[in-house]
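Here the structure is laid out as structure tokens; the discussion comes afterwards.
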Amino acid sequence: MTFCALKAEATAAPKKANATFDKDIIYPAKYGCIYGKYIKEFFLSYTYFVFRHKYLHMKHSFDTYRLYQAGNIIKHSVRVKIRMKDAVDMDVLTTAVNTAIKRYPYFAVKLKVDEEGGYVLEPNEKEVVVLKTSDKHPALCTPEVNQHLLYVDCDGKDIYFNISHTLAGGKGILPWVMTSIYTYVRDRYHITPNAPSIRKPEDPLLPGECEEPSLANIQDEKPIYTFKGTGGYLLLKDYFNGMLNPFTKKEVYWEFRFKQKDVMAYIRENDSSVAALFITLMALMLDSVLPAKAKSIGGLIAHNPQIELGLPNSHCDMLSHIRVEYTREQLQWDMEKLGTYTRAQMMLQSDSTRSNHVFYNVLKYNEAIDAIKGLKNKRAYAKKHNAGGDDDKPRATYFVNYAGRTDWGEVGDYVDAFFPIVDAHLMLEITSMSDDIFMCFQQLIGDTKYIEAFKNVLDKFHIPFKVEGPFPKRLVPHQLPKK
């Protein structure tokens, strides 16, 4: 049980226990005592870290291990763009962001290195910084952003939420973003928007919201299905030019907008789904531009296994990868057959046995890093090993992530669009709200051959769209403590 679970238990049943304290430790109710519901947030946050360290032997949070691989090339940060319908009031936004963060104590943290060279998170009561958008932003963890692993910038109608990917994935980040926007709309327009699906600043934490995966409840099951392909043709020249060549490196993205009715009509006719459709369209696009020596084209799809792992409300970044690989011959099939094949691969690889197998490997990887002494040695190990094991390596020709449909309620009346921006080349981040589907088409280079080919594929299948860009990604790195 973690801090959030303890807090939820205390709030749900305050009359069933008496508060007792032993120095700086607060014990959970099932062990004989509990704290009152009126203790300040800072003290609650502090006891979470103390409890985890002394009683759960989880000195290093699940939320820290991605940092051992973070650097200036792969930044391991996420930038979520929210386009409002009106110009943003920066003062109101600053107040709203700092009101909303109190709902998410696991994000209000700073990073330190312990005596064993491991990254640890500590509560950070300093203000979350809101800046004017510019070409150069401060790194996460720096004094300029009050040592936070997140901050916000804005310009005109656009708000950008910058956050370390180690703290959460899209499923964990988006609720914080939506709470912040809800609070901004409430304060900016002096209304109380009806948005039942958005967590309000005063709402209690959900059961298990801070729960982390553990070897105690995950078994190393043999997956009922294991992908046997190669991962597809690798765009090695693109990666060299986009990551190592300063003359060609240009991290950009394009914003696509689709109407739900247009996409869903095509899906119904071709035995597909939103994710499967865009996975297939990307493969067809690459089929039109890649040389004949590319024998197969592989897509990597993010899969969130929280439900299979018994942690449906956890904020943690828990992802496994689903692979769909197409030969050039298969890409001559009709769209219905391609849709059926793609969905079958997705279903086979999202089985709970595979999720357990992958996350057993992830937790053993974390355990191995904990056993290594010294930060330099821990980072060296992380550089050479893949967290999910050999069968979950992120090798593919392109990447797709579909976050699903989000319900913004009346807050959506003030939001025009939103786009997640991440580290990746030929990456689609797809979201939806109300009647619209938004897609962020991302590259590490400025070459327009891929985006033009993708637009041609959409035109070929008569899928209407609007597109703007390119825009610079402006992903921010970490400035990690060295000791």
Note, T133 side chain near Y160 side chain (heavy atom, < 4.5 Å): yes
Carboxylate-amine/guanidinium proximity below 4.0 Å for D155 and K132: yes
Nearest-0.5 Å distance, OG of residue S355 to CD of residue Q349: 10.5 Å
Residues L363, F62; criterion side chain to side chain contact (heavy atoms under 4.5 Å, CB included); working and verdict: CA-CA 9 Å; L363 293 168; F62 186 85; 4.1 Å; yes
Lys/Arg-Asp/Glu bridge criterion (N-O < 4.0 Å) met for K157, D86: no
Within 45° cone of F161 ring axis and under 6.0 Å: K81 NZ or CZ: no
Side-chain (Y398) to main-chain (I279) donor-acceptor, under 3.5 angstrom: yes
Donor-acceptor contact below 3.5 Å, side chain S314 vs main chain E211: yes
Over 12 non-hydrogen atoms of neighbours within 6.0 angstrom of NZ in K455: yes
Side chain E468, main chain E255, donor-acceptor under 3.5 Å: no
Aromatic contact, W254 with F419 (centres under 6.0 Å): no
Intermediate values then yes/no, side chain to side chain contact (heavy atoms under 4.5 Å, CB included), C440 and I421: CA-CA 7 Å; C440 188; I421 305 163; 4.2 Å; yes
CA sep, side-chain torsions, deciding dist, call: R474, D135, salt bridge (charged side-chain N to carboxylate O under 4.0 Å, His left out): CA-CA 7 Å; R474 296 195 179 107; D135 290 333; 2.8 Å; yes
Residue among F454, Y253, F278 satisfying ring pair (Phe, Tyr, Trp, His ring centres under 6.0 Å) with F441: F454
Atom pair OG (S214) and CG (N366), whose distance is rounded to the nearest 0.5 Å: 11.0 Å
Aromatic ring pairing Y65/H60, orientation class (parallel under 30°, perpendicular over 60°, tilted between): perpendicular
SG on C141 to CG on N146, rounded to 0.5 Å: 12.0 Å
R103 and E209 ion-paired at < 4.0 Å: yes
Within 6.0 angstrom of K112 NZ, more than 12 heavy atoms from elsewhere: no
F256 six-ring centre to K466 NZ/CZ under 6.0 Å and within 45° of normal: no
Point-to-point distance, once rounded to the nearest 0.5 Å, from OG1 of T166 to NE2 of H478: 6.5 Å
Minimal non-hydrogen separation, E308 against S350, with atom names: OE2-O, 3.1 Å
Side chain proximity check, P201 to K102, heavy atoms < 4.5 angstrom: no
Expected output: side-chain R343 to main-chain S273 donor-acceptor under 3.5 Å: no
Spacing of H462 atom NE2 and L458 atom CG [to the nearest 0.5 Å]: 11.5 Å
Aromatic plane relationship, F461 with Y266 - under 30° parallel, 30 to 60° tilted, over 60° perpendicular: perpendicular
Which atom of S432 lies closest to which atom of T406, heavy atoms considered: O-OG1, 2.8 Å
Flag, side chain of R79 to backbone of K473, donor-acceptor distance under 3.5 Å: yes
Side-chain H-bond candidate by donor/acceptor type, Q260 with D435, under 3.5 Å: no
Geometric class of the Y184/Y189 ring pair [parallel <30°, tilted 30-60°, perpendicular >60°]: perpendicular
Pair Y68 and Y119, ring centroids less than 6.0 Å apart: yes
Criterion side chain to side chain contact (heavy atoms under 4.5 Å, CB included) on M84 and V185, from CA distance to verdict: CA-CA 10 Å; M84 305 299 291; V185 168; 4.1 Å; yes
Heavy-atom pair of closest approach, residues F258 and P464: CD2-O, 3.4 Å
Test: K259 and D436 ion pair at under 4.0 Å: yes
N-O pairing of D158 and R83 below 4.0 Å: yes
Non-hydrogen atoms of C210 and H315 that approach each other most closely: CA-ND1, 3.7 Å
Heavy-atom side-chain proximity of V422 to M427 below 4.5 angstrom: yes
Worked check of side-chain hydrogen bond (donor to acceptor under 3.5 Å, both in side chains) between E212 and Y106: CA-CA 12 Å; E212 300 182 356; Y106 44 83; over 6 Å; no
Short side-chain to backbone donor-acceptor contact, D423 and H76, under 3.5 Å: yes
Short side-chain to backbone donor-acceptor contact, S77 and V476, under 3.5 Å: yes
T179 and V177, any side-chain heavy atoms less than 4.5 Å apart: no
Whether Q443 side chain and D447 backbone form a donor-acceptor pair below 3.5 Å: yes
Spacing of CG belonging to L426 relative to CG belonging to L235, to within rounding of 0.5 Å: 6.0 Å
Main-chain N/O of L444 paired with H425 side-chain donor or acceptor, under 3.5 Å: yes
Sidechain-backbone polar pair: T64 side chain, S61 backbone, donor-acceptor under 3.5 Å: yes
Heavy-atom check, side chain of I301 versus side chain of Y402, under 4.5 Å: no
Test item: V109 and H148 side chains (from C-beta on) under 4.5 Å apart, heavy atoms: no
I307 versus P312, closest heavy-atom pair with distance: CG1-CB, 4.3 Å
Side chain proximity check, V263 to L277, heavy atoms < 4.5 angstrom: yes
Atom of K249, atom of G242 and distance for their closest heavy-atom approach: CG-O, 3.0 Å
Verdict with reasoning, M433 to V415, per side chain to side chain contact (heavy atoms under 4.5 Å, CB included): CA-CA 9 Å; M433 177 183 73; V415 176; 4.0 Å; yes
Side-chain touch E127/V97, heavy atoms, less than 4.5 angstrom: no
